[in-house]
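Side chains included, hydrogens not; waters and symmetry mates left out as well; all remaining heavy atoms used. A note on names: the letters A, B, ... follow the listed sequences, proteins ahead of strands, and every chain is numbered from 1.
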Amino acid sequence: MDHRVVRDLSDLPNYAFGPRMTMWWGTLAFCVLEGTGFALALGGYLYLAFLNRDWPLGPPPPLFWSGLFTLVSLASLVPNYLVEAAAREENLFKVRILLVIMSGIGVLLAGLRFMEFAVLPVRWDFNAYGSLLWTILGLHAVHLVTDVVDTVVVTVLMFTRHGFGRRFSDVEDNAFYWYFVVISWLPTYVVLYWVSQL
Amino acid sequence: MSETALRPHENKETLDTDVTDGELPARLAATWGTAGGLIGALSTVDHKLIGRRYIVTGFFFLVLGGLAAVAMRLQLARPENSLIGPDLYNQIFTMHGTTMMFLFGVPIGEAIAVYLVPLMVGTRNIAFPRLNAFSYYVYLFGGLMIWIAFALNVGADNGWFSYVPLAGPEFSPGKRADFWAQMVTFTEVAALAVAVEIVVTVLKLRAPGMTLDRIPLFVWAMFVNAFLIIFAMPAVMLASSLLILDRLLDTHFFNQAEGGDPLLWQHLFWFFGHPEVYIIFLPGTAFVSAIIATFARRPVFGYPAIVLSLIATGFLSFGLWVHHMFTTGLPQLGATFFTASSMMIAIPTGIQIFCWIATLWDGRPVYRTPLLFVLGFFFIFVAGGLSGIMLASVPIDTQVHDTYFVVAHFHYVLIGGAVFPLLGAIYYWFPKFTGRMMSERLGRWHFWLAIIGFNVAFFPMHLAGLRGMPRRVYTYPAEMGWDGLNLVSTLGATLFVASFLLFLFNVAASLRDGEIAGDNPWDASSLEWATASPPPPHNFDRIPFVTSREPLWAERQALPVVSGLAVDKREVVITTATRALPDLKESSPDPTIWPFVSAIAVGAVFIGSIFTPWAVAWGAPLAAFVIIAWFWPKSIEEDK
Ligand code: HEM
Ligand SMILES: [Cu+2]
């Protein structure tokens with residue numbers, strides 16, 4: 001078919017930030033589908049809690065480590081916001097420092113999550129209550145660890161010769177996913193730790 | 001904030017405005033091409049090559065599932081037949097249903113989307129092309145795994161929905177149910193990945209000017225379908241993971257004695273399972289809309305009504321799952337609600353069908369093979385819809401639940417709604433895929449054989465069901481009076497299978513010496529026909545600029561296009577989500593072997609976990625390592 005050129009796009013830039021990039025939408029889509037998984041898992045918890053008159057079928061989980069985990073997660077939103085902003089400014093120095101901080105926070109949270117598991121009052125194979133606690137906590141831990149690994153990789157990346165250009169947009173996407181890890185934790189926390197206290 | 005991002009690139013690269021028109025196609029093909037050899041083939045990220053593999057693999061599993069159906073029909077042809085024993089029969093009907101739903105029904109719709117959506121929206125590759133390659137291998141490995149297990153007599157045998165407690169650790173020792181559950185994990189990872197790619201391709205990779213109301217109906221249907229997948233598939237992945245945990249790590253999700261509940265399985269499964277039916281059907285509507293416009297020689301009537309119906313179908317399909325559980329003793333009010341919503345979903349489907357009929361009515365229809373299959377779809381699907389309305393009523397469902405009436409119903413809907421449009425689609429797009437036309441004469445024979453064979457095979461099943469024949473029985477006593485109906489069914493199935501053999505022959509013969517097609521043999525209106533058949537690696541020499549809903553009918557002299565893209569590096573135009581204004585030129589990934597290697601690593605973890613939980617502990621870091629290698633930038637070029 002014959003062509004006639006009606007527009008010239010020579011001057012369009014090669015990358016940008018946020019919803020102008022495909023990766024931002026891809027990350028959002030993964031957050032939505034994983035969020036659906038969380039919603040259904042928590043729905044399953046509430047369903048079984050509703051069916052069993054004497055819920056919880058065991059002692060409620062202790063609140064110390066999980067409370068600490070929740071506080072640190074919420075606090076991490078501040079450096080996360082800052083690293084996102086620094087990435088948009090393409091300020092390599094700030095991005096490096098903040099990424100190191102975020103990696104440290106991530107490792108700390110992974111440690112706290114480990115302590116949460118260690119003090120759970122029932123084993124997964126004891127009854128359905130134990131199964132739910134371990135599995136839902138595990139599901140969130142997988143997301144946590146995935147993003148921590150990703151953060152560390154991005155941090156290393158930004159200290160190499162690749163740390164420029166659209167890699168700043170990658171930093172931003174990594175920060176975006178961290179919001180999801182924190183936000184998906186909040187309903188999870190309420191259901192696992194507070195419904196059983198009622 | 002983003003001014004810095006708007007800074008134009010400093011070091012000048014070669015743009016398509018710097019080379020002559022004669023030189024351009026070869027230069028672009030070199031940039032976007034796939035290397036030769038095995039490594040090249042396994043590294044490709046071209047959506048057309050991956051899409052073609054997806055399509056061929058989907059048909060391969062259709063054949064396997066079809067062979068399983070043939071085996072069942074042979075066994076049921078006579079009462080008290082001893083061809084197949086009860087244990088093997090259980091495996092065969094499970095493999096048949098599982099294959100048709102998970103390995104054929106869902107992937108084939110996505111397969112065709114992977115091939116066609118980027119062409120129809122006028123771009124050079126799908127979004128996240130490496131993820132696309134990865135998803136194909138994961139799908140392939142999952143499908144091969146469950147069939148190899150079947151060949152080794154560890155075939156799944158609890159039916160395609162694998163109900164607990166039957167599928168739980170107590171009643172299904174051994175590994176059969178585990179292979180089934182992991183097959184779900186494989187195929188859903190693949191399905192979800194493709195869904196994300198389609199969503200982002202449609203939102204961000206549309207050609208400049210393709211505003212929301214100029215998106216082809218085909219693309220709309222695939223887009224809504226991708227959303228259904230994103231919301232439905234997590235449910236079945238969760239369900240199958242919980243099942244595996246119950247079986248391998250002694251959890252108690254479905255164990256009534258320890259506070260679990262078997263119905264939790266049914267809720268999670270059907271939360272996915274009902275939308276699943278629409279996930280199989282919506283691609284069918286995509287094919288129908290495209291074929292009808294071309295062969296009625298006019299745009300589809302009621303574009304906004306069809307788009308809204310698609311979206312409404314998407315929403316409503318999540319409100320229906322409980323109608324699969326009417327016989328589980330639900331509260332009366334709940335059952336009434338789900339009956340009403342089941343009847344309501346007929347409305348948007350009805351609207352679409354009326355719009356299509358109006359299009360044909362007002363057009364000048366050309367009855368070529370693709371259109372014949374669409375007419376076959378109308379007939380069969382509407383018949384299936386009628387028995388569906390009957391089943392939505394609780395008293396009738398209670399009566400015929402788990403009989404052959406239900407088997408007849410869902411084959412009318414699935415084969416009518418998905419397989420007939422699919423066959424029409426293959427006849428329609430074969431010239432685009434291969435550059436050659438399929439034989440019209442054989443196509444007509446195929447169509448008539450298929451529609452007669454289908455009805456002879458499946459209509460009698462309604463009657464057998466009303467006379468009380470249960471599904472999933474490996475044989476029946478002669479006194480029941482079901483033998484005549486079953487014999488007729490088997491003869492019909494034989495005809496139906498013969499029609500497929502004719503189809504495969506037509507494909508093979510046309511590949512060798514079909515008539516040469518040219519760019520646009522049907523004089524169709526959408527963008528995939530604006531390029532060569534088969535399309536070059538870069539799809540379009542220049543990205544189209546869309547001025548109308550039917551671009552090729554509106555611009556018959558010369559296609560408006562844009563210029564200014566890189567020639568020696570892969571670049572795609574990113575447009576804004578609603579108005580499709582050109583916004584960026586993002587680089588698009590080069591071929592790499594890592595998605596293939598990652599799929600092997602992930603597959604090894606999934607399969608290993610069937611045998612020991614330690615596979616996850618050891619395999620996860622390995623898989624993580626491989627995936628990091630995949631994402632690590634290979635050159636400075638990629639960072640720009
Ligand atoms: C060659 C054409 C086909 C024939 C002759 C055929 C035949 C059958 C028969 C006889 C059964 C009932 C088995 C039993 O309950 O004992 C069955 C079940 C089933 N079929 Fe088909 N079928 C065909 C094609 C398809 C297609 C194309 C699909 C889907 C796209 C499909 C989906 C299913 C499903 C989901 C089941 C239920 C399996 C279960 O009970 O777990 N079939 N089929
Ligand atoms: Cu349903």
Quiz prompt | A:Asp11 side, atom CG; B:Leu15 side, atom CG - distance, nearest 0.5 Å | solution = 9.0 Å
Quiz item: Would you say A:Tyr47 and B:Leu268 make side-chain contact, with heavy atoms under 4.5 Å?
Solution: no
Quiz item: Taking the side chain from A:Trp124 and the backbone from B:Asp250, do they hold a donor-acceptor pair closer than 3.5 Å?
Solution: no
Quiz item: Does B:Gly259 offer a backbone N or O that forms a donor-acceptor pair with the side chain of A:Asn127 under 3.5 Å?
Solution: no
Quiz item: Should A:Ser131 and B:Leu245 count as side-chain neighbours, where that means a heavy-atom distance under 4.5 Å?
Solution: no
Quiz item: Non-hydrogen atoms of chain A under 4.5 Å away: do they reach the side chain of B:Phe271, the backbone, both or neither?
Solution: side chain
Quiz item: If every non-hydrogen atom of A:Asp2 is compared with every non-hydrogen atom of B:Gln557, which pair is closest and at what distance?
Solution: CB-O, 3.9 Å
Quiz item: Among B:Val573, B:Leu249, B:Ile627, who wins on heavy-atom pairs under 4.5 Å with chain A?
Solution: B:Leu249
Quiz item: Is any side-chain heavy atom of A:Thr22 closer than 4.5 Å to a side-chain heavy atom of B:Val572?
Solution: no
Quiz item: Are B:Trp632 and A:Val153 side-chain neighbours, meaning at least one heavy-atom pair lies under 4.5 Å?
Solution: yes
Practice problem: Nearest 0.5 Å please: distance from the CG atom of B:Asp261 over to the CZ atom of A:Phe50. | Solution: 11.5 Å
Quiz prompt | Heavy-atom closest contact (A:Ala41 atom, B:Leu238 atom, distance) | solution = N-CD2, 3.6 Å
Quiz prompt | Segment of A:Thr160 engaging chain B (4.5 angstrom heavy-atom cut-off) | solution = side chain
Quiz item: Mind checking whether B:Asp583 and A:Leu12 have side chains closer than 4.5 Å, heavy atoms only?
Solution: no
Quiz prompt | From CZ (B:Phe231) to CG (A:Leu33), nearest 0.5 Å | solution = 9.0 Å
Quiz item: Which atoms of A:Phe126 come close to chain B, meaning under 4.5 Å heavy atom to heavy atom: side chain ones, backbone ones, both, or neither?
Solution: backbone
Quiz item: What part of B:Phe128 gets closer than 4.5 Å to chain A, counting heavy atoms only: side chain, backbone, both or neither?
Solution: side chain
Exercise. Count the heavy atoms belonging to other residues, nucleotides or ligands that lie under 6.0 Å from CZ of B:Phe625, then report whether that count exceeds 12.
Key: no
Quiz item: Looking only at heavy atoms, what is the nearest atom pair of B:Gly260 and A:Ala128, with distance?
Solution: N-CB, 3.5 Å
Self-check item: Interchain contact, A:Leu157 with chain B, by part (heavy-atom threshold 4.5 Å)
Solution: both
Quiz prompt | Region of A:Leu132 that comes under 4.5 Å of a non-hydrogen atom in chain B | solution = both
Quiz item: Is there a donor-acceptor contact under 3.5 Å linking the side chains of A:Arg20 and B:Thr576?
Solution: no
Quiz item: Checking B:Leu242 against chain A: side chain, backbone, both or neither under 4.5 Å from a heavy atom?
Solution: side chain
Exercise. For chain A, find which of B:Leu131, B:Thr575, B:Val561, B:Val562 contributes the most heavy-atom pairs closer than 4.5 angstrom.
Key: B:Val561
Exercise. Please examine the side chains of B:Glu258 and A:Tyr129, heavy atoms only from C-beta on, and report whether any two atoms are closer than 4.5 Å.
Key: no
Quiz prompt | Side-chain heavy-atom pair A:Leu9, B:Leu565 within 4.5 angstrom cut-off | solution = yes
Self-check item: Pairwise side-chain contact, B:Ser563 with A:Arg7, heavy-atom cut-off 4.5 Å (strictly under)
Solution: no
Practice problem: For A:Tyr81, look at atom OH and say whether over 12 heavy atoms of other residues, nucleotides or ligands are found less than 6.0 Å away. | Solution: no
Quiz item: Nearest heavy-atom pair of A:Asn14 and B:Glu571: which atoms, and what distance?
Solution: ND2-OE2, 3.3 Å
Quiz prompt | Most contacts with chain B, counted as non-hydrogen pairs under 4.5 angstrom, among A:Asp54, A:Asn52, A:Asp170 | solution = A:Asn52
Quiz prompt | Non-hydrogen atoms of A:Ala16 and B:Leu584 that approach each other most closely | solution = CB-CD2, 3.8 Å
Quiz item: Between A:Val6 and B:Pro560, which heavy-atom pair has the shortest distance, and what is it?
Solution: CG1-CB, 3.8 Å
Quiz item: Roughly how far, to the nearest 0.5 Å, is the CG atom of B:Leu559 from the CZ atom of A:Arg4?
Solution: 8.0 Å
Quiz item: Nearest 0.5 Å, what's the CG-CG distance between B:Leu264 and A:Leu48?
Solution: 5.0 Å
Quiz item: Contact part of A:Leu40 toward chain B, heavy-atom cut-off under 4.5 Å: side chain, backbone, both or neither?
Solution: both
Quiz prompt | Rounded distance [0.5 Å steps], NZ in B:Lys585 versus OH in A:Tyr15 | solution = 14.5 Å
